[in-house]
2 protein chains.
Amino acid sequence: MFQQLFKSIQEKVLLTQEEMELCKTFFIPKKLRKKQTLLQEGDICIYNAFIEKGILRSFTMDEKGNEHIVQFAIEGWWITDLSSFLTNSASVYTIEALEDSELLLLTTSAREALMDKIPMFERYQRLLLQNAYIANQARINSALTETAEEKYINLANAYPGIVKRVPQHMIASYLGLTPETLSRVRKQINNRK
Amino acid sequence: MFQQLFKSIQEKVLLTQEEMELCKTFFIPKKLRKKQTLLQEGDICIYNAFIEKGILRSFTMDEKGNEHIVQFAIEGWWITDLSSFLTNSASVYTIEALEDSELLLLTTSAREALMDKIPMFERYQRLLLQNAYIANQARINSALTETAEEKYINLANAYPGIVKRVPQHMIASYLGLTPETLSRVRKQINNRK
DNA sequence: AATTTTAATTGATTTAGATCAATAGCATTT
DNA sequence: AAATGCTATTGATCTAAATCAATTAAAATT
């Protein structure tokens with residue numbers, strides 16, 4: 001149940017055996033079936049979720065009913081609406097399982113208690129945030145500078161696991177393209193090969 | 001010299017008088033005149049910069065010579081190329097002063113030493129990263145969902161200080177628009193008033 | 001296996017914003 | 001105050017991607 005989590009932690013910091021045991025007590029295991037949600041838009045996000053197995057997405061819905069995917073997350077990654085989670089404000093995102101998934105949930109208070117009791121856990125959280133920050137900067141830069149085709153090719157190279165696992169129209173949504181445009185982009189790429 | 005920095009820190013965590021004195025010894029003061037750079041694309045970013053006074057931007061240059069502004073930062077904010085800073089890799093961004101500016105610089109090793117000696121400084125860094133992460137998520141969502149006009153109006157509301165202080169074509173660049181488009185968007189908004 | 005639902009493709013048309021080009025408005029420098 | 005270099009505006013045209021619409025393909029459900 002905790003394999004992926006401790007693998008993720010140990011890649012970044014060193015915990016003692018006792019700290020790892022203590023750590024376990026703060027998480028709430030949770031299974032989600034495909035299409036079930038961890039968070040509904042408008043609700044307050046009370047969990048920071050680590051994914052042991054499966055894949056989830058977070059997305060917004062605009063006035064016209066179009067979904068915009070803000071994040072995908074697979075095994076070994078964390079997902080939450082950080083803004084809602086940290087400030088107890090209504091969430092603008094919905095978080096949904098795209099496959100049957102197994103999660104380890106951390107409430108705000110459990111997260112803070114863990115960081116107070118295990119300083120290396122706070123470091124782990126900071127290192128995760130640093131990586132997420134870098135990834136988001138790269139995504140902003142991509143949105144500002146790349147064509148539809150470049151966006152798709154770069155995503156497929158950087159995260160082949162996600163592109164293979166997720167319906168194509170969701171990849172389009174993540175890239176800020178329509179499904180039709182992504183279909184044509186892919187056709188173009190194949191024609192050239 | 002350290003007013004803004006300690007104001008920023010104290011908004012997030014509590015340091016003792018001794019910790020604050022210790023803290024000061026790790027920073028390198030630096031003045032930049034308008035148009036001078038803190039970092040050139042291709043160089044390794046060895047500083048994390050806190051801005052006591054002034055305003056800076058980080059940007060990339062594409063093959064056609066177009067600049068794309070990734071970040072603005074004013075008094076009380078931090079700026080760096082986090083990816084280059086943390087991994088000692090060549091920077092893809094240039095960081096430049098838009099006005100005469102006063103900075104406090106932290107090298108990688110100084111930052112790590114500070115975090116080891118003052119746990120609350122690590123917490124401060126984590127809290128900064130959390131806010132930056134939330135802001136970047138919002139910006140990604142904006143790029144995916146908003147029209148040119150919405151992007152401009154929302155930026156002007158969220159950061160009036162920056163929009164007033166920076167040339168219009170740089171605001172356009174930050175929003176992923178051409179200067180011509182932003183000029184027309186502004187005209188439209190004014191015509192309606 | 002048949003039916004319903006959901007996803008992807010293809011074509012025709014539209015549109016938001018980009019590009020190209022010229023002009024006008026400011027600041028700075030001489 | 002003339003000249004130089006930025007900055008913003010305005011108009012004409014172009015284009016990448018969106019939208020609308022229909023068809024085909026693949027999953028999921030009965």
Side-chain angles (χ1 to χ4, degrees), chain A residues 33-36 55 57 59-69 72 96-100 142-156 162-193, chain B residues 33-36 55 57 59-69 72 96-100 142-156 162-193:
Chain A
R33 309 214 123 243
K34 187 172 176 173
K35 293 196 180 169
Q36 286 186 320
I55 180 165
R57 63 167 180 154
F59 64 95
T60 55
M61 192 94 103
D62 66 23
E63 325 77 55
K64 290 180 196 154
N66 296 317
E67 292 175 356
H68 300 274
I69 297 180
F72 290 114
E96 180 198 67
L98 298 177
E99 299 173 0
D100 295 352
S142 152
L144 291 181
T145 61
E146 294 170 3
T147 62
E149 182 173 324
E150 288 166 340
K151 286 177 196 170
Y152 176 71
I153 289 174
N154 291 340
L155 182 72
I162 290 175
V163 172
K164 278 179 206 136
R165 233 164 129 179
V166 163
Q168 194 173 302
H169 69 277
M170 289 192 185
I171 300 296
S173 166
Y174 180 85
L175 294 173
L177 306 173
T178 58
E180 294 95 328
T181 295
L182 182 56
S183 174
R184 283 184 256 258
V185 160
R186 281 166 46 93
K187 193 184 178 188
Q188 276 259 68
I189 294 170
N190 283 326
N191 283 348
R192 277 206 300 277
K193 277 198 252 190
Chain B
R33 307 213 126 243
K34 188 173 174 172
K35 293 196 181 168
Q36 286 185 320
I55 179 163
R57 63 168 179 152
F59 64 95
T60 55
M61 192 94 103
D62 66 24
E63 324 79 55
K64 291 182 196 154
N66 296 317
E67 293 175 355
H68 300 274
I69 297 181
F72 290 114
E96 181 198 68
L98 298 177
E99 300 171 2
D100 294 352
S142 152
L144 292 181
T145 62
E146 292 170 3
T147 62
E149 181 173 325
E150 288 166 340
K151 286 176 194 168
Y152 176 71
I153 289 175
N154 291 339
L155 182 71
I162 290 176
V163 172
K164 278 178 205 138
R165 235 163 128 178
V166 163
Q168 196 173 301
H169 69 276
M170 290 192 185
I171 300 295
S173 167
Y174 180 85
L175 294 174
L177 306 173
T178 60
E180 294 95 328
T181 295
L182 181 56
S183 174
R184 282 184 255 260
V185 161
R186 282 166 45 93
K187 191 183 178 189
Q188 276 259 69
I189 295 170
N190 283 325
N191 283 348
R192 277 207 300 276
K193 277 197 250 188

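Chain letters run A, B, ... following the sequence lines, proteins first, then strands; residues in each count from 1.
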Legend entry - Check: A:Glu150 main-chain N/O paired with A:Asn154 side-chain donor or acceptor under 3.5 Å: yes
Legend entry - First and last nucleotide of DNA chain C, 5' to 3', lying under 4.0 Å from heavy atoms of chain A: C:dA7 to C:dA12
Legend entry - side-chain contact (heavy atoms from CB on, under 4.5 Å) assessment of B:Glu67 paired with B:Glu96: CA-CA 12 Å; B:Glu67 293 175 355; B:Glu96 181 198 68; over 6 Å; no
Would you call [X] and [Y] a side-chain contact if the rule is heavy atoms closer than 4.5 Å?
{"X": "A:Phe72", "Y": "A:Arg165", "value": "no"}
{"X": "A:Ile189", "Y": "A:Tyr152", "value": "yes"}
{"X": "A:Leu98", "Y": "A:Met170", "value": "yes"}

Inset, instruction - For B:Leu182 and for B:Lys35, locate the closest nucleotide of DNA chain D by heavy-atom distance; then report the residue assigned to the nucleotide nearer the 5' terminus. - result: B:Lys35
Inset, instruction - Between A:Arg184 and B:Glu180, just flag the one whose closest nucleotide in DNA chain D comes earlier from the 5' side. - result: B:Glu180
For [N], does OP1 or OP2 lie under 4.0 Å from any side-chain N or O of [X]?
{"X": "A:Thr181", "N": "D:dA18", "value": "yes"}
{"X": "B:Lys187", "N": "D:dT10", "value": "yes"}
{"X": "A:Lys34", "N": "D:dA28", "value": "yes"}

Legend entry - Rounded interatomic separation in angstrom, taking CD from B:Gln188 and P from D:dG11: 13 Å
Legend entry - Length of the NE2-P vector between A:His169 and D:dA27, whole Å: 14 Å
Legend entry - A:Asp100 bridged to A:Lys34 by N-O distance under 4.0 Å: no
Inset, instruction - Tell me which nucleotide among D:dA18, D:dT7, D:dA17 gets nearest to the side chain of A:Thr178. - result: D:dA18
Legend entry - Shortest side-chain distance from B:Pro167, nucleotide among D:dA17, D:dT10, D:dT7: D:dT7
